[in-house]
Amino acid sequence: MTMIPMLDLRAEYLHIKAAIDEKIANCLEHHRWILGPEVDNLEANVAEYLNANHCVGVSSGTDALIIALRALAIRDKQQEFFSKEDKIITTPFTFTATGSSILHAGATPVWVDIDPVTFNLDPEQVKRAVEEIPGIVGILPVHLFGQSADMGAIMEIAEQYNLFVVEDVAQGFGAKWNDKQLSTIGDIGTFSFFPSKNLGGFGDGGAIATQNAELAELSRMLMQHGGKDKNNVDHLGYNARLDALQAAIINAKLDHIDDFNNHRRAIAHAYNEGFAGIAEIETPREDGIADKADVHHIYHQYTLRVKNGQRDALKAHLAEQGVSSMVYYPHPLHTMRLFKETSECFGNLEHTEQAAKEVLSLPVEPLQSAETIETICQSVRSFFK
Ligand SMILES: *Cc1c(COP(=O)(O)O)cnc(C)c1O
């Protein structure tokens, strides 16, 4: 049996093959593999798309997070790294790199529980954590599954308590909060071009966007050995450049991002209709943010909540029917060994632990056919009959 995959990257390539092949052929003509015109073009195009003042290409979403945090430590603390006493609030319901980047930057992660509807940081809990825990210097919201965190409430808290905000937009290129592109609301935002991300290359890649010139300049230095002149540096930098070939490929894909994101949204809305009336599942909602912001969710993942402990049985049933599904994320970060002695929990994180047991993501391939969508809907419905 051939399984319906979570994504079909080969089909996506074939869909825009001519544009990608041309960009790659162009690289083979000029052979400028380190930074150069491909990376310059991508940075300019991404900045324009986001309406951001600055964009810096980097080697991955993880490096983007580490560099963004290090730039903040240098600017705000005049230190190469944060100290352990500097605490950064983030969500435990995310990919590992969100939390490990805080450790790499020298700070201590403080886990704050999620809102059970949006799976994103709960701003009321964030506010309480800021008031009760000494040493909070910043907030790192993740726009999980392609849906904006409650940026209105988060920015209000940040302004009131003078905290920085780093947006982890690895899953949300093109997603918005009201009329703003994600990454342009906080101090700095980070993207991943990992192949399975909604804007993905053919290998690792990432980017940083910011409205702040100093953070952009520091990020650019850290990305390339720590100085404007790599033979005479100011900071402890990295070799974390965005690869020219990846930049060329992502440039070709950038022309299609709105089209692909809109397909994702249409698939999600079809699933919502297809699952209406099934009492045991909760479908994602775009009206879940408390201040009723207009959220443009791009459904990097379409994630159901399956109640009554039936998630794993539904997953097995779908596999039998030839439908792939995935659990993002089975292990909240605060339960991982790495973070046991290196981080702090605020409260019991009950909504996170519940979500880890109940979530199930279904295939969202932007080019997925209407028949495939219907097959997936029927496969889910047949489990609950
Ligand atoms: C993928 C991802 C990252 C890391 O990006 P890489 O490019 O794989 O390093 C960070 N945060 C989140 C939320 C992600 O989904």
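Order of appearance sets the numbers: ligands from 1, and atoms from 1 within every ligand.
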* Would you mind telling me which of C345, P332, S100 makes a side chain to side chain contact (heavy atoms under 4.5 Å, CB included) with F339? => S100
* Structure fact -> Candidates T190, L144, D168; heavy atom nearest atom 11 (N) of ligand 1 found on D168
* Structure fact -> Under 4.0 Å from one or more heavy atoms of V142, ligand 1 contributes atoms 13 (C)
* Asked: Among all protein non-hydrogen atoms, which one is nearest to atom 8 (O) of ligand 1, and what is the separation to 0.1 Å?
  -> F194 CD1, 3.8 Å
* Asked: Looking at ligand 1, does any of its N/O atoms fall within less than 3.5 Å of an N/O of K197?
  -> yes
* Asked: So is G61 polar-close to ligand 1, meaning N/O to N/O under 3.5 Å?
  -> yes
* To do: Flag yes if more than 12 heavy atoms outside H331 fall under 6.0 Å of its NE2 atom; otherwise flag no.
  => no
* To do: May I ask you to check if ligand 1 and D63 share an N or O to N or O distance below 3.5 Å?
  => no
* Structure fact -> Note: ligand 1 atoms sitting under 4.0 Å from heavy atoms of T94 are 13 (C)
* To do: Kindly say whether L218 contributes a backbone atom to a donor-acceptor pair with the side chain of R70 at under 3.5 angstrom?
  => no
* **Numbering as shown, the atoms of ligand 1 that approach T98 to under 4.0 Å (heavy-atom distance)** => 11 (N), 13 (C)
* To do: Please check if the side chain of N348 supplies one atom and the backbone of E350 the other of a donor-acceptor pair under 3.5 Å.
  => yes
* Does A170 approach ligand 1 within less than 4.0 angstrom via side chain, backbone, both or neither, non-hydrogen atoms only? -> side chain
* Structure fact -> Among non-hydrogen protein atoms, atom 9 (O) of ligand 1 lies closest to T62 OG1, 2.5 Å
* Under a 4.5 Å side-chain heavy-atom rule over Ile, Leu, Val, Met, Phe, Trp and Tyr, are I133 and I154 clustered together? -> yes
* Asked: Where the side chain of K307 meets the backbone of E358, is there a donor-acceptor pair that is under 3.5 Å apart?
  -> no
* Asked: Going by the order shown, which atoms of ligand 1 are within less than 4.0 Å of some heavy atom of S60?
  -> 7 (O), 9 (O)
* Asked: Under 3.5 Å, is there a donor-acceptor pair between the side chain of N120 and the main chain of L144?
  -> yes
* **Nearest-0.5 Å distance, CG of residue D76 to CG of residue L72** => 5.5 Å
